[in-house]
Amino acid sequence: MSPSQIIVLATPVFFGLIAIELAVGYKRQRNTYRLNDAMNSIGLGMLSQVSAVFTRLFRVTIYAWIYSLVALWHNESFWLSWYGWLLALVFYDFCYYWLHRAGHESALFWAAHVVHHQSQDYNLSTALRQTSSGALFGWIFYVPMALAGVPPLVFGVVALVDLLYQFWVHTEHVGKLGWFDRWFCSPSNHRVHHAVNDGYLDRNYGGVLIIWDRLFGSFKEEGEQCVYGTRSPLNSWDPLWSNGEVYWALAKDSWHARSWKDKLLVWFKPPGWRPADVAARFPKDPFDINKVERFHPPVEKSVAWFGAVQFALVLGGVAAFLWNADTMPLSQSSVWLAVLTASLWAIGGVMQGRLTVMEVLLVEACALAAATGAENLVELHRVFKPLAMLLAVACVNERLQMLKSGGRFAWLLVAGLVFSLIGDCFLMFPGYFIPGLVAFLTAHMFYIALFRQGMPWFPSKRALAITLGFGAAMYAFLYNGLNPVLKIAVAAYVIVIALMAAQAIGRATVLRDKQSVAVAIGACFFMLSDSLLATNRFAMQFPMAQFFVLATYYVAQVLIASNSSLGAVVAGSVKASNLAPVGGQSRQLM
C-alpha cells in the first residue's frame, strides 16, 4: 500500500478526532475552530498530499540513489528487526529535528515551513496544514540515513509514523502531561512551538521526542498564554499565496538589494533579516503582539455553506486521486493536480469574498472542461465545455446587474462570449473546424470593438508590430500544413487575433490599471492558446496538447470576462468629454 493510500485510510480517523475535539470545545465553552480557517488548513493539507505525488518521486529517488551507491553499511536484516525499526525511527526524528530547526533559522527553509504556522487557530486541523514545497530541499537532512544504510522502505515507513504521531499534539484541550512532556513532543510543548510570543519564538522543534530540544538548547516550557500565527500574518485563504508568499517576499528583497552578497544572504539568513538598504527603502512595521488581529473576513451564511459543500466535493476528489495516483501516468496526474488546485483556490476566494458563487462555479467548470478534454472523456467534455462559457456569460450579467451597468460596452462583451460559446460547440464535433474558426473570428472582432471603447485604434504601435510579427511568424510556420481553404481562413484568423491582442495591450499601456493589464494578459493567452492549437493540429503533435490548449483558452476568457465587466460601469456612464485627454485622445477606464 502506498503512502498516499495510507493517508486516505487515515483521513476518516483525522476527521473523527477533529469532530471529537470540536464537541469537547463546545462542551467546555471553549471552541477553537472557525470554518474558514479549518477549511484553509485542511485544504493546504490536501494540496500538500496531491503535490507530494510529484515531490515524493523526487525525494525518494534521490534517497534510493544515495542508498544504493554510497551507503556505508548494507544490512537489511538488522534494520528490519524490531530494534532496527526503533533505531531508524529515532534516527529519523533526529534528522527531522535539524530540518525543523533549519525551517525556523534559515529563510529558504522557512519559506516552505511557514505554511504550517500561518493559522491563527490551534487545533487538530492545524496539524493537516502542510507545505507543498518542503521536499524540494528537505531531503538534504535525511542523507545521513541513506549513508548509514537505512533501506528506503524502512525510511518511508518511519517517516510516515513520525508524521502521523504529530497530528494529536495540535490541540489546546490537552494540558500538561508531567513526565511525558519531559521526553516527548506533547500538546503543551508543541503549543509553545506555534506561538509568536517573544519567549516562545523558535522553540521545541522535536517531532516525536523533545529530548533533542533539551540537548541542543531549544526547549521552552509552556507558561504564558500562547498567541498563534506568524509575525507577518498571511491574511488570506488563498492556498497558492500561502505557499508562495515568503518566496515572493525574499525574491523582492533579493532583487532590491544593491550588494550581490546581500542578494544571496537574503535566502539563507534567519527569517526577518533584510539588507540595510532594502529595509531603509521598504520599511516594515515592527511586530507588536498587542496589535495582533485575527483574520476573519465576513461571509454570508449561505456562501459559507456553499463553500463547505464545494470543499467536501473536492475532498472526495482528492481522496480518489490519491488512491489511484501511483498507477496514473505522470501526465494524467498533472491534469488532475491542476483541477484540484484550481478548485481549492476558488473555494478560498469565495470564503474570503474575492469571488462570487457564480465565479467559483465558472473556475471549476473551466478546470473540468480542460481536464475532460485532455483525458478524452468525450461525453463529460461536451457538458463542461459549453457550461463553462454559459457560466462566463452568467458571471458577466451578474456583475453588470450588481454594478447597474449596461450599454454598448456590456453587449460587446457578452457578444464576444456568446460567439466563443458557439465556436466551442462547433469544435467539439469532427468536421466543424471552419464554422468554429468563423465563430471565434467573430468573437475576436467583438473583443476588438470592446477594447476600442474610449481608446484610439492601437495606441501602442510597438505592441501592434510585435503581435502582427508573431502572427506572421506563426502563419509561416503553419503554412505547409494548410490546405488552400485553410490558408485563407487561418490568415484571416491570425490577423484578427493579432489585432485584438494589440488593441488590448495598447489600452493597457494607456490606462495602466490592473483591469486593463489583466485583459491584455488574457488577450496574450488567447494568442498562446490558438498557437498551441494550430501547432498541434497542423504542424506537430506534442504531449498534453489538448490540456494546454484548453487551459490557456480558459485563462484568457476568465481574465477578459471578469476584468472587462469591472469597467463596464465606467464605460457606460462616463462621457469621453469628461475624461482627461491622453495623447490627444480621451481616456476611459476599462
Side-chain angles (χ1 to χ4, degrees), residues 3 6-7 9-10 13-14 17 21 45 48-49 52 56 59 63 79-105 109 112-113 115-117 122-131 134-135 138-146 148 150-195 200 202-222 226:
I6 293 173
I7 292 295
L9 293 178
V13 179
F14 293 152
L17 293 172
E21 184 186 31
S48 174
Q49 287 301 314
R56 188 181 296 120
R59 181 180 61 193
Y63 185 93
W79 292 109
L80 292 173
S81 65
W82 70 266
Y83 46 85
W85 281 102
L86 181 60
L87 178 60
L89 180 59
V90 174
F91 196 171
Y92 181 92
D93 200 59
F94 177 74
C95 296
Y96 173 83
Y97 168 84
W98 290 107
L99 168 61
H100 201 177
R101 186 163 181 166
H104 286 255
E105 297 182 356
F109 290 97
H113 183 58
V115 176
H116 185 60
H117 283 264
Y122 190 77
N123 51 54
L124 292 178
S125 75
T126 310
L128 302 178
R129 187 184 188 98
Q130 298 293 330
T131 178
W139 61 269
I140 297 170
F141 287 84
Y142 299 108
V143 168
M145 295 186 70
V150 180
L153 172 64
V154 176
F155 170 76
V157 172
V158 297
L160 190 61
V161 170
D162 202 278
L163 177 66
L164 292 175
Y165 172 88
Q166 295 177 57
F167 176 77
W168 79 281
V169 303
H170 292 81
T171 181
E172 293 191 72
H173 292 294
V174 175
K176 293 190 175 183
L177 299 175
W179 68 268
F180 190 88
D181 292 339
R182 292 192 292 273
W183 291 91
F184 295 95
C185 178
S186 65
S188 176
N189 291 333
H190 206 61
R191 284 193 290 269
V192 168
H193 177 72
H194 274 258
Y200 292 159
D202 301 333
R203 298 289 179 176
N204 299 1
Y205 300 115
V208 173
L209 299 172
I210 204 67
I211 57 174
W212 312 122
D213 292 281
R214 294 181 180 275
L215 285 171
F216 300 111
S218 55
F219 177 77
K220 180 70 176 179
E221 188 173 358
E222 184 181 24
C226 295

If a pair satisfies salt bridge (charged side-chain N to carboxylate O under 4.0 Å, His left out) and one of its residues is in residues 85-104, list it, with sequence neighbours excluded. Arg101-Glu105
For a quick test of reading the model, state the closest non-hydrogen atom pair linking Ala112 to Gly134 and the distance between them. CB-CA, 3.8 Å
What residues, two or more places apart in sequence or in another chain, satisfy side chain to side chain contact (heavy atoms under 4.5 Å, CB included) together with Ser48? Gln130, Ser132
Between Trp168 and Pro187, is any pair of side-chain heavy atoms under 4.5 Å apart? yes
Validation row, ring centre Phe216 to ring centre Trp98 under 6.0 Å: yes
Please enumerate all residues that pass side chain to side chain contact (heavy atoms under 4.5 Å, CB included) together with Leu215, with sequence neighbours excluded. Trp212
Ile140 and Pro144 have their tightest heavy-atom pair at O-CD, 4.1 Å
What residues form a salt bridge (charged side-chain N to carboxylate O under 4.0 Å, His left out) with Glu21, not counting sequence neighbours? none
Can you sort out the partners of Leu86 under side chain to side chain contact (heavy atoms under 4.5 Å, CB included), two or more places apart, ordered by chain and number? Trp82
Quick one: which residue pairs count as a salt bridge (charged side-chain N to carboxylate O under 4.0 Å, His left out) with a foot in residues 171-190, not counting sequence neighbours? Arg30-Glu172, Lys176-Glu221
Nearest 0.5 Å, what's the CG-NZ distance between Asp202 and Lys220? 13.5 Å
Kindly write out the residues that satisfy ring-ring contact (aromatic ring centres under 6.0 Å, His included) with Tyr122, not counting sequence neighbours, or none if the list is empty. His170, His194, Tyr228
Please identify each residue that fulfils side chain to side chain contact (heavy atoms under 4.5 Å, CB included) with Val13, with sequence neighbours left out. Leu17
Is the shortest heavy-atom distance from the side chain of Leu124 to the side chain of Phe14 under 4.5 Å? no
Give a yes or no on whether the backbone of Glu222 and the side-chain of Arg191 come within a donor-acceptor separation of less than 3.5 Å. no
I need the Asn123 CG to Arg129 CZ distance, nearest 0.5 Å. 10.5 Å
Taking all non-hydrogen atoms of both residues into account, name the closest pair between Met145 and Tyr92 and its distance. SD-CA, 3.6 Å
Sequence neighbours excluded, which residues qualify as ring-ring contact (aromatic ring centres under 6.0 Å, His included) partners of Phe109? Phe141
Restricting to side chain to side chain donor-acceptor pair (under 3.5 Å), what partner residues turn up for Asn189, sequence neighbours left out? Ser186
Could you go through residues 151-166 and list every donor-acceptor pair under 3.5 Å that involves a side-chain atom there, pairing it with any protein atom two or more places apart or in another chain?
from   : atom 1 : to     : atom 2 : distance (Å)
Asp162 : OD1    : Gln166 : NE2    : 2.9
Tyr165 : OH     : Cys185 : O      : 2.7
Gln166 : OE1    : Tyr96  : OH     : 3.0
Gln166 : NE2    : Asp162 : O      : 3.2

So, do Trp183 and Leu209 sit near enough that their side-chain heavy atoms are less than 4.5 Å apart? no
Step-by-step side chain to side chain contact (heavy atoms under 4.5 Å, CB included) determination, Trp79 to Leu87: CA-CA 8 Å; Trp79 292 109; Leu87 178 60; 3.9 Å; yes
Residue list, ring-ring contact (aromatic ring centres under 6.0 Å, His included) with Phe184, at least two apart or on another chain: Phe180
Can you tell me how the ring of His100 sits relative to the ring of His193, calling it parallel under 30°, perpendicular over 60° and tilted otherwise? perpendicular
Determine whether a donor-acceptor pair (N or O, by modelled atom type, separation under 3.5 Å) exists between the side chain of Asp213 and the backbone of Tyr205. yes
